[in-house]
There are 2 protein chains.
Amino acid sequence: MPRDEISAAVQRELTVFARRVRGLPSRLQQQLPFVAYSMLSSIEGQEGCRSVDLAALYRLDKSTVSRQVGDLERRGLVARAPDPARGRGQVLRVTDAGRALLDGAARLQRAELARRVVDWSDEELAAFASALQRYNAAEPD
Amino acid sequence: MPRDEISAAVQRELTVFARRVRGLPSRLQQQLPFVAYSMLSSIEGQEGCRSVDLAALYRLDKSTVSRQVGDLERRGLVARAPDPARGRGQVLRVTDAGRALLDGAARLQRAELARRVVDWSDEELAAFASALQRYNAAEPD
DNA sequence: CAGACGGGGTTGTAAACTACAACGTAGCAG
DNA sequence: CTGCTACGTTGTAGTTTACAACCCCGTCTG
C-alpha cells in the first residue's frame, strides 16, 4: 500500500473520530460536560498550571479557557491562587470536590475505553498510545 | 507498564486530539468550514449515500445533517436526487464544483498531515491507521 | 524611579455546531 | 385503504468557540 493511501486512511479515521467527539456535550458524563471535564482533568494532571498553559495545550483562545476555568471555580471544583514563582498570573489547583467528581467520571471513562479495546493486546494498546502521543506532539503549522 | 496506565495515556491523548480539533471551524480551509468539508469529503467517499448514512457515520442527529447538507447544496457543492433503489430518501452526489473544491482542500490537508508524520516509517503510519480504524469501528455503548 | 512594555486574565459580542421535539411526506405492509 | 415507519425539515435553545477591546500588574529601560 503506497504511503499516500496510508495517509488518506489516517486522515479519514482521524476525521471520523474528531467529528464523533464534537457532538458529545455531556453524553459522557451527566454531572459535567465533556469540555469542563477534560479541562478539570488536565488541571489535575499538571497541578500548578495556569490558564495560559491550558490554552497552549488545547490550542484555545485564552478567553475560552478563562470562561471554562471560571465555570469550574464557580462550581467549587478548582481554586485559584496567585503564582508565587512567576509573579504574574494564577496557579490552578483541583479542590477535594473536584477530585471526587473526577474520580467518579474517570471510572466511567475508563470502563468505556476498556470496553472498546477489550480485544486489544497490551502491546497493541501501548503502540496506539505512543503513536497518538507522537502525533499530538508534532508542532502545527 | 500496567494496562491501566496505558489506557490512561490513550485517554489523555485522545482527549487532547479531540479538544484541539474542536476549535477549528475554518482554520483548516478558508473556503469551507471544517465540518462542511468533512461532510463533503464523506459524500465523495461513498457516492450515493443518504443523509441518514452520514448521521450514522458521525453519530449526529438527522437535523444537524439536514442543515449541513442543505448548506452544501445551496453552495452548489452537492446535488440531491430521489433514491431509485430504496424508494425513500435522497441520494447525495458531489458536483464538479464540489469535487474541485475538495481536491484543493485535500491537497492542503495531505500536506499538513505529511508534515506531521514526516519522520514516521511506512510501517508505523500503517499501524497507526489500522489502530485508529479498529478503534473507530468498535461499537459505542 | 517613572514611564513604557508586555504577559496573563476578563468581558462583550457574534458565530458555528449541535440536540431535541414537532412536524411533513411518502413508501410499504396488512 | 389505512396505519406504520423511514427519511427529512424546521423551530428553538444550549454549548463552545474566536476575536477584539480592555484591565491589572510585574518587569524592564532610560
Side-chain angles (χ1 to χ4, degrees), chain A residues 15 18-40 42-43 48-75 78-92 140, chain B residues 15 18-40 42-43 48-75 78-92 140:
Chain A
T15 300
R19 288 298 305 267
R20 285 185 181 167
V21 172
R22 272 180 101 97
L24 20 117
S26 62
R27 214 156 21 186
L28 178 73
Q29 170 69 4
Q30 296 78 358
Q31 314 193 35
L32 209 60
F34 165 71
V35 167
Y37 168 76
S38 64
M39 191 74 45
L40 184 59
S42 292
I43 296 172
C49 68
R50 299 160 301 164
S51 289
V52 68
D53 300 321
L54 296 173
L57 174 64
Y58 291 131
R59 315 235 203 279
L60 293 171
D61 191 81
K62 50 183 181 167
S63 67
T64 302
V65 176
S66 172
R67 280 182 237 272
Q68 286 173 7
V69 170
D71 185 51
L72 288 174
E73 190 189 29
R74 233 167 291 118
R75 293 169 189 255
V78 306
R80 288 188 268 205
D83 189 336
R86 272 158 301 199
R88 261 170 299 211
Q90 307 158 336
V91 290
L92 303 173
Chain B
T15 300
R19 289 298 305 267
R20 284 185 181 167
V21 171
R22 272 181 102 96
L24 20 115
S26 62
R27 212 154 25 186
L28 178 74
Q29 170 70 6
Q30 296 77 359
Q31 312 193 35
L32 209 59
F34 166 72
V35 168
Y37 168 77
S38 64
M39 190 75 43
L40 185 60
S42 293
I43 296 172
C49 67
R50 300 160 302 163
S51 289
V52 69
D53 301 320
L54 296 174
L57 174 64
Y58 291 131
R59 316 235 206 277
L60 292 171
D61 191 81
K62 50 186 180 162
S63 66
T64 302
V65 176
S66 172
R67 281 181 237 273
Q68 284 173 6
V69 170
D71 185 53
L72 289 175
E73 190 188 29
R74 233 166 292 116
R75 292 168 189 256
V78 307
R80 288 190 267 206
D83 189 335
R86 273 157 301 197
R88 259 173 298 213
Q90 306 159 335
V91 289
L92 304 173

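In what follows, every heavy atom counts, from backbone to side chain, and hydrogens, waters and symmetry copies are set aside. Letters go in sequence order (proteins before strands), and every chain restarts at 1.
Residues satisfying the side-chain contact (heavy atoms from CB on, under 4.5 Å) criterion with Ala36(A), sequence neighbours excluded, are Leu32(A), Pro33(A), Leu72(A). Ala56(A) meets the side-chain contact (heavy atoms from CB on, under 4.5 Å) test with no other residue; sequence neighbours excluded. Partners of Arg67(A) under the side-chain contact (heavy atoms from CB on, under 4.5 Å) rule, at least two apart in sequence or in another chain, are Ser63(A). Taking the salt bridge (Lys or Arg N to Asp or Glu O under 4.0 Å) definition, one finds that Arg88(A) meets it with nothing, sequence neighbours left out. Legend: residues meeting side-chain contact (heavy atoms from CB on, under 4.5 Å) with Glu73(B), ordered by chain and number and at least two apart, are Val78(B), Arg80(B).
Rounded to whole Å, the distance from CG on Asp83(A) to C1' on dT27(D) is 15 Å. Following rounding to the nearest Å, Phe34(A) (CZ) and dC17(C) (C1') show an atom-to-atom distance of 15 Å. Rounded to a whole Å, the CG atom of Leu54(B) is 12 Å from the P atom of dT18(C). The distance from atom CG of Leu60(A) to atom P of dC19(D) is 11 Å, rounded to the nearest whole Å. The interatomic distance linking Asp53(B) (CG) with dG8(D) (C1') rounds to 13 Å, in whole Å. As a whole-Å value, the separation of Asp71(B) CG from dG8(D) P is 17 Å. For the pair Asp61(B) CG and dG11(D) P, the interatomic distance rounds to 16 Å; values are reported in whole Å. One interatomic measurement links the two molecules: CZ of Arg67(A) to P of dT17(D), which rounds to 11 Å at whole-angstrom precision.
Counting heavy atoms from C-beta on, the side chains of Met39(B) and Leu60(B) come closer than 4.5 Å.
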Distances for protein N/O vs nucleotides 1-7 of chain D N/O pairs under 3.5 angstrom?
unit_1: dA6(D); atom_1: O4'; unit_2: Arg88(B); atom_2: NH1; d: 3.2
unit_1: dC7(D); atom_1: OP1; unit_2: Arg50(B); atom_2: NH1; d: 2.7

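Side-chain N/O atoms of Arg80(B) include one lying less than 4.0 angstrom from OP1 or OP2 on dT9(D). A close approach under 4.0 Å does not occur between any side-chain nitrogen or oxygen of Ser63(B) and OP1 or OP2 of dA19(C). Here Arg19(A) reaches the OP1 or OP2 of dT18(C): one of its side-chain N or O atoms lies under 4.0 Å away. Here Ser66(A) reaches the OP1 or OP2 of dT10(C): one of its side-chain N or O atoms lies under 4.0 Å away. Here Gln68(B) reaches the OP1 or OP2 of dT18(C): one of its side-chain N or O atoms lies under 4.0 Å away.
Ser42(B) and Tyr58(B) form a side-chain donor-acceptor contact under 3.5 Å, judged by distance and modelled atom types alone.
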